[in-house]
Engineer: 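Would you mind keeping the following structure in view while I ask a few things?
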Amino acid sequence: MTNQTLTTGELNELTAGLHRLARNLWWTWNQEAQEIFQELSPRGWQNLYHNAVAILHEVSDYELRMRLLNPDFAQRVRDLLKSFDAYLAESQTWGQQHAPALRSRPVAYFCAEFGFHETLPIAAGGLGMLAGDHTKSASDLDLGMVGVSLFYREGYFQQAIDNNNWQTEYYTLLNPKNLPLEPVLDEKGQPLICQVEIGMNLVSFQAWRVNVGRVPVFLLDTNLPQNEQLLRDLSLRVYGGDSTTRILQEMLLGIGGVRLLRTLKIQPSVFHMNEGHAAFLTLELIRERLQAGLNLPDAIAQTRAECIFTTHTPVEAGHDRFSRDLMDYAMHRYRAALGIPLDELLKLGRVKPDNAQEPFCMTVLALKLSRHANAVSELHGRVSRHMWHSLYPDRPVEQVPIGHITNGVHLLGWTKGTVRNFWRRKLTGQSLNAVPPEQRVPLAGWDKQLTRPEFWARMADPAFISDEEIWALRYHLRRELIEFARRRLLLQGQRLRHGDFIAFDQLLNPDALTIGFARRFATYKRAPLIFQQFENIVKLTRDRERPIQFIFAGKAHPRDDDGKRYIQHIIHLSKFSDLQGHLVFLENYDMHVARQMVSGCDVWLNNPRRPLEASGTSGMKCGVHGCLNLSILDGWWREGYDGTNGFAIGEDSHPESVEEQDRVDSANLYKVLTHEVIPLFYDRDERGIPRKWIQRIRRAMVTLVPAFTTDRMVREYVQKYYLPPAG
Ligand SMILES: *Cc1c(COP(=O)(O)O)cnc(C)c1O
């Protein structure tokens, strides 16, 4: 059908469809959707930081209708809306086939942070990214699931670096009207208000709904006029304030979250506490049962039977502990509703229930009140069983009931547009290097291919994708990263009052082996480790034949001065040492920066102090882009590395002391860099192609990409933990 004349009805349908689409985060993992929003206003797309809702505010309805008079554009929008609707209406999905029980009684997935997209910055780091990716895969699999978190209207902090190279934090107010959020309404069409007893107060809250494909996520928000200012600000910032703020936020999340679901008549069959922050939900489930007339032991047993818990870190400070006084204060009013004396309550959060000196620990509460608990990698499982052995003194350590499901990433969400376009053209027959006609796939839903393990198995085959294609793609991605970095550095430079003149277009070398490091600047991640060998590293960066260069990014927690000193040190080196021009620090690490870096770098460096990296997920985002991991054998890499698909720093062992560990790891890092990484990258044939390096890329694509996805991970959660125990 040609559509020279679009009827008014059709125009209305397409404009309404785009508005609907902008309010469902499905567009963030659909390339065609992003291209359409971008095309509507390319500058706006950049300035509004890829915000589809804001784009549709910036482009008037009149303009939108006029743009749709272009039949080609209208056709693309129509096709896009068709795939969106098909996605939402799909039948025969994995979830329908393998988890029908969860459709009427879903999984309630609670997490203090969710990383969905750079325009909704309500995550602090890897935990939130994982929760966001879990939700996207639950949607793709069509699992019965709802998410619960808080709406932090100032989100997580934005990072700026001052003249002393010191990290400073600033906050921007999120406007729900400009975001893919809908207020949850009551029958009368008014914002639905629920209440929870916090401290001495009865706190009111409303909720915002985020549509993540097929999965709704509810964000609780206390910013209501009927609350005192202090309580309105309870949900102001991600992990804001001190431990008092923390405990009150956690009451809102756990207790408030359950109340919201009940009010919405959602009856979950399983409550998944993703990290201990959400563990107060168990108290509310106990309260409901006590109120229904059960005694405490039965209420606890039944609550246990419907909860599962995932622990995410072996770092002590990562486990919330609250003093008796703080619990007394925070639970003052709720306790009366609950009907359990404080001393009984405290026992639920102690390893030794009668030890009055022991603080109340959220992880202990979660472990005691869940039918299954798990860690997030095989090694982390082992470490966690040791860490919590004292809770199960009658069992040998191997039988401590903490299993593991290794983390993953949501593949389509993390694959850069450049790579998606490459495969789209190749698989649908649009490119000169397209696959033979009998192997081609239709344009609609072509990207499903990228999530199939059989597709990644083909990366071993040079007839499917040649070395030349891989290397050209690598060059394209590295070039894009370097131009992104230059642009960012130019903007950062404008904030420097006394900065020397810097030729931004000459920073970084598009031909050089580019090593990336980006993560939270928690000290155990040891960001500056590589610069312990400073003189040697300078020589490597200045090598004319085989240069290397570094791109760093990351935020330190606002109250982590040690982490901020690491940032200061690295920025200082980047500006004032012989590394200038070969080392840059990109400010304000977030999902967008992450996507540029994991795609453009050749090597992804990870050197945590083993075994403190429970899993790590940034390295899992590399494989689809042909970036190779260079990592300590900690977290996921201990399972992922097979000797052919990247590089390992050191051995699978524990040194004696921290100092010894740092010294040994730094020496090993330098060794693998100079003996393996650099020689392999620069070993070129007569056409200039590093065949052996590309062989490692192929191995990474075959062995890592399909194994470390949230698709695989969520299916494991379903089969091991979510479905009701048999019998
Ligand atoms: C992937 C990601 C993380 C988590 O990465 P780790 O390897 O666990 O440190 C944190 N922040 C952002 C912005 C990410 O994209």
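Note that the numbering runs from 1 along the sequence shown for the chain. For ligands, and for the atoms within them, numbers begin at 1 and follow the listed sequence.
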Engineer: Checking the N or O distance criterion of under 3.5 Å, is ligand 1 in contact with Thr617?
Structural biologist: yes

Engineer: Which atoms of ligand 1 sit under 4.0 Å from any heavy atom of Gly616?
Structural biologist: 7 (O), 8 (O)

Engineer: Please list, in number order, the atoms of ligand 1 under 4.0 Å from a heavy atom of Arg519.
Structural biologist: 7 (O), 9 (O)

Engineer: Distance under 4.0 Å to a non-hydrogen atom of Lys525: what atoms of ligand 1 satisfy this?
Structural biologist: 9 (O)

Engineer: Nearest heavy atom to atom 11 (N) of ligand 1 wins, so pick from Tyr156, Tyr589, Phe517.
Structural biologist: Tyr589

Engineer: Are Ser574 and Val584 side-chain neighbours, meaning at least one heavy-atom pair lies under 4.5 Å?
Structural biologist: no

Engineer: Taking the side chain from Arg520 and the backbone from Lys525, do they hold a donor-acceptor pair closer than 3.5 Å?
Structural biologist: no

Engineer: For Phe550, which of Trp604, Phe531, Phe585 qualifies under ring pair (Phe, Tyr, Trp, His ring centres under 6.0 Å)?
Structural biologist: Phe531

Engineer: Around atom 1 (C) of ligand 1, find the nearest protein heavy atom and jot down its residue, atom name and distance.
Structural biologist: Lys621 NZ, 1.3 Å

Engineer: Which of the numbered atoms in ligand 1 are under 4.0 angstrom from any heavy atom belonging to Ala594?
Structural biologist: 15 (O)

Engineer: Can you tell me the protein heavy atom closest to atom 10 (C) of ligand 1 and the distance?
Structural biologist: Gly126 N, 3.7 Å

Engineer: I need the Asp711 CG to Lys136 NZ distance, nearest 0.5 Å.
Structural biologist: 13.0 Å

Engineer: Do the ring centers of Tyr239 and His557 come within less than 6.0 Å of each other?
Structural biologist: no

Engineer: For His476 and Phe422, I'd like to know if the aromatic rings sit close, meaning centre-to-centre distance below 6.0 Å.
Structural biologist: no

Engineer: Give the numbers and elements of all ligand 1 atoms closer than 4.0 Å to a heavy atom of Trp414.
Structural biologist: 15 (O)

Engineer: Which of the numbered atoms in ligand 1 are under 4.0 angstrom from any heavy atom belonging to Asp590?
Structural biologist: 13 (C)

Engineer: Do Pro314 and Tyr524 make a side-chain contact, defined as non-hydrogen atoms from C-beta onward lying under 4.5 Å apart?
Structural biologist: no

Engineer: Scan Ile122, Leu219, Leu174 and name whichever one has a side chain to side chain contact (heavy atoms under 4.5 Å, CB included) with Tyr152.
Structural biologist: Ile122

Engineer: Could you check atom 7 (O) of ligand 1 against the protein and tell me its nearest heavy-atom contact, residue, atom and distance included?
Structural biologist: Ser618 OG, 2.5 Å

Engineer: Does Arg595 have a heavy atom less than 4.0 Å from any atom of ligand 1?
Structural biologist: no

